[in-house]
Amino acid sequence: MPELPEVEVVRRGLERWVAGRVVADVQVLHPRAVRRHIAGAEDFGARLREHRIGLVQRRGKYLWLPLADNRSAVLAHLGMSGQLLVQPQDAPDEKHLRIRIGFDDDLGTELRFVDQRTFGGLSLHGTTPDGLPDVIAHIARDPLDPLFDDAAFHEALRRRRTTVKRALLDQSLISGVGNIYADEALWRARLHYERPTTGFTRPRTAELLGHVRDVMNAALAVGGTSFDSLYVNVNGESGYFDRSLDAYGREGEPCRRCGTPMRRRPWMNRSSYFCPRCQRPPRVVS
DNA sequence: GCTGTGACCTGAACGC
DNA sequence: TGCGTTCAGGTCACAG
């Protein structure tokens with residue numbers, strides 16, 4: 001499932017193959033794919049037509065295509081299974097094709113939003129003075145953003161009465177981290193997912209952020225090599241998604257540090273993978 | 001205001 | 001073979 005590195009790969013692909021093109025027509029094939037566009041599918045298409053796509057931006061797992069000639073942007077979230085593909089116009093429709101965007105040029109390609117589980121979607125929104133879609137103003141900067149404020153993140157962590165994995169997944173504190181990279185970063189930092197954040201020291205926060213950035217940069221480095229001219233890829237099943245993971249999905253396999261079998265625990269309707277020896281659970285305070 | 005929980009959704013994997 | 005169940009997880013609405 002797409003997390004920040006995958007979304008960044010998509011952003012780069014869109015920047016190269018879609019930015020600067022003028023929308024000719026929009027076809028919404030599944031209403032749920034534009035459910036965040038309150039005015040509905042017809043309005044979504046009408047507002048896009050004849051507008052030029054500007055430079056593609058990203059924050060965390062959201063990316064957006066600004067309309068170059070007005071103060072609005074097409075906001076995209078890939079959810080768990082979304083893909084944005086640049087395909088030849090005559091290519092067969094994908095099974096889960098939800099939205100098709102055609103362009104007013106002779107390049108012969110179109111933008112397709114394909115999404116099996118329909119957790120993702122596109123919508124059109126006004127932008128703030130600094131170009132951010134207004135509906136994601138609450139989303140924090142991501143740790144690869146040069147303007148991410150490490151000190152402010154540390155203070156926010158200490159103020160929260162929560163645990164470290166919850167905090168990593170809270171997009172209002174830090175964006176772009178999903179279940180996989182949270183487990184990976186916690187394994188690297190030797191932190192149990194239920195560790196309370198209130199007692200975090202500055203060095204501990206700094207170390208954790210360092211591991212989050214390392215994991216994301218490593219995935220980005222691999223992912224960045226795998227899309228070609230016609231395929232703006234966020235395919236969860238192929239290529240760079242086979243990145244080497246140290247924690248996620250390794251239940252029963254030996255910890256790559258100490259050899260202890262890795263464990264999986266149900267957690268918030270998800271799973272948490274950890275090493276019971278390297279990542280000791282916090283002592284329960286009664 | 002802050003924190004935690006469940007619904008949404010589809011298809012693969014699994015058990016019987 | 002076929003059916004039912006479980007699991008995957010990002011976001012948001014809602015409850016406490």
Side-chain angles (χ1 to χ4, degrees), chain A residues 1-8 10 28-38 58-64 75-84 93-99 113-123 125 133-140 142-143 153 155-186 193-198 200 212 215-216 219 234-238 241-243 245 247-252 262-274 282 285:
Chain A
M1 54 300 299
E3 297 191 33
L4 185 151
E6 288 78 10
V7 178
E8 174 60 19
V10 173
V28 176
L29 302 164
H30 195 306
R32 193 173 146 79
V34 291
R35 67 191 180 284
R36 293 188 182 95
H37 188 83
I38 305 301
R58 180 189 58 75
R59 175 172 285 193
K61 290 173 245 184
Y62 286 94
L63 55 83
W64 63 96
L75 181 66
H77 196 289
L78 301 173
M80 291 181 57
S81 54
Q83 293 171 274
L84 280 163
D93 286 0
E94 291 75 11
K95 184 176 177 186
H96 301 293
L97 177 62
R98 309 305 190 192
I99 301 172
F113 179 69
V114 176
D115 191 10
Q116 178 205 105
R117 298 185 197 175
T118 67
F119 274 44
L122 307 185
S123 49
H125 303 279
D134 47 21
V135 293
I136 60 164
H138 65 291
I139 299 290
D142 62 67
F153 175 69
E155 294 306 322
L157 265 192
R158 288 181 57 88
R159 276 197 303 273
R160 290 285 175 107
R161 276 198 286 274
T162 190
T163 49
V164 62
K165 187 169 174 183
R166 280 184 188 280
L168 286 178
L169 296 183
D170 185 337
Q171 305 293 303
S172 68
L173 284 178
I174 181 173
S175 65
V177 184
N179 199 43
I180 297 172
Y181 293 125
D183 279 2
E184 292 300 306
L186 290 172
Y193 58 94
E194 293 284 27
R195 174 80 56 185
T197 59
T198 48
F200 267 44
V212 170
V215 168
M216 287 184 168
V234 57
N235 186 337
E237 296 168 352
S238 65
F241 205 72
D242 293 337
R243 66 179 92 79
L245 298 172
Y248 184 83
R250 299 195 65 244
E251 182 183 21
M262 300 287 290
R263 287 196 187 152
R264 178 178 77 92
R265 287 285 178 273
W267 181 84
M268 278 180 70
N269 292 325
R270 289 160 178 72
S271 292
S272 275
Y273 296 88
F274 66 106
V285 179

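Nothing here was measured: the structure is a model prediction, and the numbers come from that model. Chain letters run A, B, ... following the sequence lines, proteins first, then strands; residues in each count from 1.
Taking the side chain as every heavy atom from C-beta outward, A:P5 and A:Y181 approach each other to under 4.5 Å.
Applying the 4.0 Å criterion to OP1 and OP2 of C:dT11, one finds that A:K61 has a side-chain N or O inside that range. Residue A:R166 places at least one side-chain N or O closer than 4.0 Å to OP1 or OP2 of B:dT5. Between A:R32 and the phosphate of B:dC9, there is a side-chain N or O to OP1/OP2 separation shorter than 4.0 Å. Residue A:Q171 has no polar side-chain atom (N or O) positioned under 4.0 Å from OP1 or OP2 of C:dG10. The phosphate of B:dC9 has neither OP1 nor OP2 within less than 4.0 Å of any side-chain N or O from A:H30. Between A:T162 and B:dG4 there is a side-chain N or O to OP1 or OP2 distance below 4.0 Å. For the OP1/OP2 pair of B:dC8 and a distance below 4.0 Å, the side-chain nitrogens and oxygens of A:T118 include no atom meeting the criterion.
Using modelled atom types, one finds a donor on one side chain and an acceptor on the other under 3.5 Å when comparing A:R264 with A:S271. Defined by atom type and a distance below 3.5 Å, a donor-acceptor pair is present between the side-chain atoms of A:T118 and A:R32.
For A:K165 against A:S272, the heavy-atom pair with the smallest separation is NZ-OG, 2.7 Å.
One interatomic measurement links the two molecules: CG of A:D170 to P of B:dT3, which rounds to 9 Å at whole-angstrom precision. Taking atom CD of A:Q116 as the reference point, atom P of C:dC7 lies 18 Å away to the nearest angstrom. The CG-C1' distance, from A:L169 to C:dC12, rounds to 15 Å in whole Å. Atom CD1 in A:I180 sits about 12 Å away from atom C1' in C:dG10, given to the nearest Å. Between the P atom of C:dG10 and the CE atom of A:M80 lies a distance of 7 Å, rounded to the nearest Å. The CD-P distance, from A:E94 to B:dG11, rounds to 15 Å in whole Å. Going from atom CG of A:D115 over to atom C1' of B:dC8 covers 12 Å, rounded to whole Å. Between the P atom of B:dT3 and the CZ atom of A:R158 lies a distance of 14 Å, rounded to the nearest Å.
When each of A:N269 and A:R161 is assigned the nucleotide of DNA chain B bearing its nearest heavy atom, the one mapping closer to the 5' terminus is A:R161. The residue among A:T163 and A:R270 whose nearest nucleotide of DNA chain B lies closer to the 5′ end is A:T163.
Remark: the backbone N or O of A:T198 is not paired with any side-chain donor or acceptor of A:R161 at under 3.5 angstrom.
Residue A:R264 is in sugar-phosphate contact alone, with no base atom involved, counting any heavy-atom pair closer than 4.0 Å across all strands shown.
Below the 3.5 angstrom threshold, one finds a donor paired with an acceptor across the side chain of A:R117 and the base of C:dA8.
Which of C:dG10, C:dC12, B:dG11 sits closest to the side chain of A:Y62 comes down to C:dC12.
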